[in-house]
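Notes to accompany the following structure.
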Number of protein chains: 2
Amino acid sequence: MTPPLSPPRPSGHQRERLAFEEFLERRGLKLTRQREAVMKAVLEASGHFEAEEVVTLLRQGALRVSRATVYRTLDLMKECQLVEKLDLGTPHSYYEQVNLGEHHDHLICVTCGAVTEFHDLELETVQAEVCRRHGFSITHHSLRIFGQCQACLEKTG
Amino acid sequence: MTPPLSPPRPSGHQRERLAFEEFLERRGLKLTRQREAVMKAVLEASGHFEAEEVVTLLRQGALRVSRATVYRTLDLMKECQLVEKLDLGTPHSYYEQVNLGEHHDHLICVTCGAVTEFHDLELETVQAEVCRRHGFSITHHSLRIFGQCQACLEKTG
DNA sequence: AAAGAGATGAGATTGATTCTCATTAGAGTA
DNA sequence: TACTCTAATGAGAATCAATCTCATCTCTTT
Ligand SMILES: [Mn+2]
Ligand SMILES: [Mn+2]
Ligand SMILES: [Zn+2]
Ligand SMILES: [Zn+2]
């Protein structure tokens, strides 16, 4: 049961879905069936995925969605801050779904490729301080830490 | 004159030059005229540059150096940690010369494209702490902060 | 000078992403 | 329903930095 003092928050990705719809509205764009299919696939995706994976996944559904539309919709969701584009050092980009107002950075294992997410408040604070000192107005940032993960360290010493 | 207590440090980029020569030696590779030309150009370069700029610059000299060799040598210098490859959000990569043992991160203005360098010891410390907590052995990292630089802020409010 | 190993360069190739533009879908109107 | 108008889509072409190929060159060593 829902605690009485908690407002009944929309479940699933209702907030994100709504945010995207309002974003499209604001821009005078329509929520087409194709855009809806991409949005649904992305909101339900977990972890880091390639654009091509979305294309492949959607091929299994009834509605055909072209590669171009997948890329275009991912761009829109990125502008809406529901999606982030990642450069993990590979030749092509990865994307990930980000819940409204959340953020994290990445530890990337150069041995096995594992990507671990973390969030550190102190780190964010220090970054903000650096920006303040430079009179720089930050919009977003990307921190990638490369090295060996615990599992790989234990294997090879 | 050199202070007596300071060891006579090699000037210019003697240390980096030596480091590269030893690196090649260790790998059983030769310091060819082409590699030397690229190394010289890179060590004397300032700021962030594209691979293509090195190709163009070297075309003006007596010795012809192919694009392939420029890319190959930049990769070697990267392994030797004399060069870093940067993704500034543009479609192609930038490179920069890094002095032995030095490091910095970047503030990138999304309005004018200006790139400001900074180094913050506290930031590095907090990062190290995050890694320790995750049992992660860091080799290197890349922090990019995007936003508006002071100049752009003053122009547009 | 002959042999062997690495290095080079011109040009072909790659491949993720973007672009083009003819066609389609959908909202609004009469 | 039929018509209009505009945004959206999709198939395939184009892009272009980066990589690859492989014939040729350069050294060093016998
Ligand atoms: Mn992530
Ligand atoms: Mn720099
Ligand atoms: Zn690992
Ligand atoms: Zn600026």
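Protein chains get the first letters and strands the later ones, always in sequence-line order, with residue 1 at the start of each.
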Take atom CG of A:D75 and atom P of C:dA16, then tell me their distance rounded to the nearest Å.
17 Å
Looking at A:E79 and A:R27, does any basic side-chain N land under 4.0 Å from a carboxylate oxygen?
yes
Can B:L63 be reached from B:Y71 by stepping across I, L, V, M, F, W or Y side chains whose heavy atoms are under 4.5 Å apart?
yes
Pairing donors with acceptors under 3.5 angstrom, does anything connect the side chains of A:R144 and B:S142?
yes
Should A:Y71 be listed as having a side-chain N or O under 4.0 Å from OP1 or OP2 of C:dT17?
yes
What closest approach, in Å, do A:L74 and A:F49 show between heavy atoms, and which atom pair accounts for it?
CD2-CE1, 4.4 Å
For the pair made of CG in B:L31 and P in D:dT28, what is the distance, rounded to whole Å?
11 Å
Rounded off to whole Å, could you give me the CE-to-C1' distance for the B:M39 and C:dA7 pair?
16 Å
Using whole Å, report how far CG of B:D87 lies from C1' of D:dA17.
13 Å
Euclidean distance, atom CG of residue B:L24 to atom P of D:dC27 [Å, nearest integer]:
16 Å
Could you tell me whether the side chains of A:Q148 and A:T111 share a donor-acceptor contact shorter than 3.5 Å?
yes
What string of B, S and - do you get for nucleotides 7-15 of chain D, 5' to 3', if B is base contact, S is sugar-phosphate-only contact and - is no contact with any protein heavy atom under 4.0 Å?
SSBBS----
Kindly assign one of parallel, tilted or perpendicular to the pair B:H106 and B:H104, based on the angle between their ring planes and the thresholds 30° and 60°.
perpendicular
In whole angstroms, the gap separating P of D:dA18 from CD of B:E53 amounts to 12 Å
Would B:E50 and B:H92 count as having a side-chain donor-acceptor pair, cut-off 3.5 Å?
yes
Pairing stems for DNA chain D [at least three consecutive pairs; Watson-Crick or G-U; under 3.5 angstrom]
C:1-30 with D:1-30
Rounded to whole Å, how long is the line connecting atom CG of B:L76 with atom P of C:dG6?
14 Å
Flag yes if A:L88 and A:I145 sit in one hydrophobic cluster, no otherwise; membership is Ile, Leu, Val, Met, Phe, Trp, Tyr, and two members link when side-chain heavy atoms are under 4.5 Å apart.
no
Without hydrogens or angle criteria, can the side chains of B:H103 and B:H141 be said to hold a donor-acceptor pair below 3.5 Å?
yes
Taken to the nearest whole Å, CG/B:L58 to C1'/C:dG9 is 14 Å
